[in-house]
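Proteins come first, then strands; the chains are lettered A, B, ... in the order of their sequence lines, and each starts at number 1. Since this is a predicted model, take the numbers as computed values, not measurements.
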Amino acid sequence: MAESRDDFIIAIRSAFLKKSTKQKFSLLTLVFFSIFIIVLSNFNFKAITVTKSIIKEIVYRSSFIVSIPENFIKSSYLNLNEYTNYYKEYKTTREELDQLKSENISTKIIKSENEELKSLIDGYSFTSNKILAKVIVDHESPFLRSIIINKGSKEKIKIGTNIYDRSYLVGRVIEVNYTNSRVLLLTDLNSNIPVSITPGNVQAIVVGNGDRKGEIKYIKNDLINKIFDKGIAYTSGTGSIFKSGIPVGTIDLKDKTEKILINFYSDFTQLKYVFAEIDELMPIAVEIEENEQTKFSSNTEQIKLDLISDELQILEESNTKFLEENQELNTLTNELNKQIEILKAENDFQKNVIQQHNLDQDELEFLRLNLIYSSKCQSKKLFSTGFKVGTPEYKECIMRKGKTSD
Amino acid sequence: MIKFEKKSLFYKVYIWLPILALFISVFNEFDLNYLNIDYFSFNFPFILIFYFALKAYQRFDYFLVFVAGLVNDTVVGLPLGLSSLSYMLICIFATYLRNITISPNLIKDWFYFLFIISLINSINYTVLFLFFSYELDITLFIVNNFFTFLFYIVFSIFFKRFLKSLDD
């Protein structure tokens, strides 16, 4: 028993301490050294940070060079796959392009209005420049999903900088060196993205599933029914980790495990170049502010003017039509007025004729009665009751058939 | 069979091949990820380090293995020193096995290797989870462990041929 224990101790001692002629350090020394580095690397002393940064710079560059043959094989394999699906993808892309073109116009308007409103909210304006960065290392660990890009603090990249593939979100920077940075991909288990899901405007957190998809977590149970397949998830901007309104992916409810998954728009295994968004908070000086605002507003105004000019053209066309119709109606009215005047004249003439005819009838009646009753109404002697011929009284006496008074 | 002039440059490169392969694998993270096979990964450095430490290969410098661990941590994004510690532990266990073994047996080595990588992966998982607050999927660790164990037997055949070629 004691012998076997001695053998064990000798074997252990030998394993830890004995070093062959070719070995410079014993394993025990290196184990302690490893633990020392682990502990030391957690302190944020400047010397340690600089050393770590230098090691990383060297390793990333070396890794990029060493990876060239494997990357060549990888890209050849992927190219072969791409060629087989080339036609199918072409058709899909074309359809998508048509749809995007139509959506682009409305997006432009919304964007310019959004910028204008943002500049109104506070006196600061975010100037964001997207800089192109090359992915120099994309070796996925089985447990962690991250990439290394060739832009670092030299290009004003900071921890938290958003990284895009075209306009789709890829991840955020978690480690910055002078000329390169590490980007934590959205698929990583440590990645949490606050999102809004349309339709329904459901707020949720998407967590990477460590593989190729994201999983929706931290959502109210009663809101789960509001989520539909193929719904669009975009960043909500909650927590200011990611900017709002960046497309993330589409909902996938076909999973057998009943988890709500997200298919990311971007394929993170195919990233060659990405965009890093450099945000700078620029206070707007009074004079500059005016210019900037004028610029912003001029852009917006331009779009609005275009819209208004379109409306104006339509109005002018309809106005011309109305004017033409109006003129036609005026002409018709004038003609009708003329006809009315003619008819009036005719009417007056007819009336005159009738009046004349009535006068003639009265005269005729007077002459007839005059022949009968003139003796009764004429004054022949000095004390007679008659009237002088031609006077109105005489005429009235004749019309009353010789009666001199009522 | 390959025959070398012992002073030729090619021979010098050839005898350093295990270390070169180790550095290429840690720089490159050679794990056939681009094949996009779900739940497939294996740890080539573990296999290589265990085999050559077990065989006490003269050119397999532990310090270089330690440096390779640092490189791996930097490339993968793990806390600096963790892979070095894992590699050193593999070396210690392999040396211990070598010291207590009188007649080497591939199958026994194979299962001993499974025990070691399981232990080291458990240590890694615990350290990352408890001390560094990493969110990790234990399934991926188990799968990685399993495939590393499976591939050991395949790679050991190649490594045996390599050592034999040097002996010849």
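- Side-chain contact between Thr74(B) and Ile55(A) is present, with heavy atoms from C-beta onward closer than 4.5 Å.
- Considering Phe63(B), Phe66(B), Tyr62(B) as possible partners of Phe33(A), the one that fulfils the ring pair (Phe, Tyr, Trp, His ring centres under 6.0 Å) test is Phe66(B).
- The two residues Val75(B) and Arg182(A) make their nearest non-hydrogen contact at O-NH2, 2.9 Å.
- Neither the backbone nor the side chain of Leu128(B) comes within less than 4.5 Å of any heavy atom of chain A.
- Closest non-hydrogen pair, Ser34(A) versus Gly81(B), comes out as CB-O, 3.7 Å.
- Put simply, the residue from Leu40(A), Ile38(A), Ile37(A) that forms a side chain to side chain contact (heavy atoms under 4.5 Å, CB included) with Leu80(B) is Ile37(A).
- Minimum heavy-atom separation, Phe27(B) to Val59(A): CE2-O, 3.6 Å.
- Of the two parts of Ser133(B), only the backbone, made up of N, CA, C and O, holds a non-hydrogen atom closer than 4.5 Å to a non-hydrogen atom of chain A.
- Contact tally against chain B (heavy-atom pairs below 4.5 Å) for Val39(A), Ile174(A), Asp188(A), Leu30(A): the top residue is Leu30(A).
- Residue Phe131(B): no heavy atom, backbone or side chain, is found under 4.5 Å from chain A.
- Heavy atoms only, all atoms of each residue included: Leu85(B) and Ile35(A) are closest at CD1-CG1, 3.9 Å.
- Looking at Val137(A), the atoms closer than 4.5 Å to chain B (heavy atoms on both sides) all sit in the side chain, from C-beta outward.
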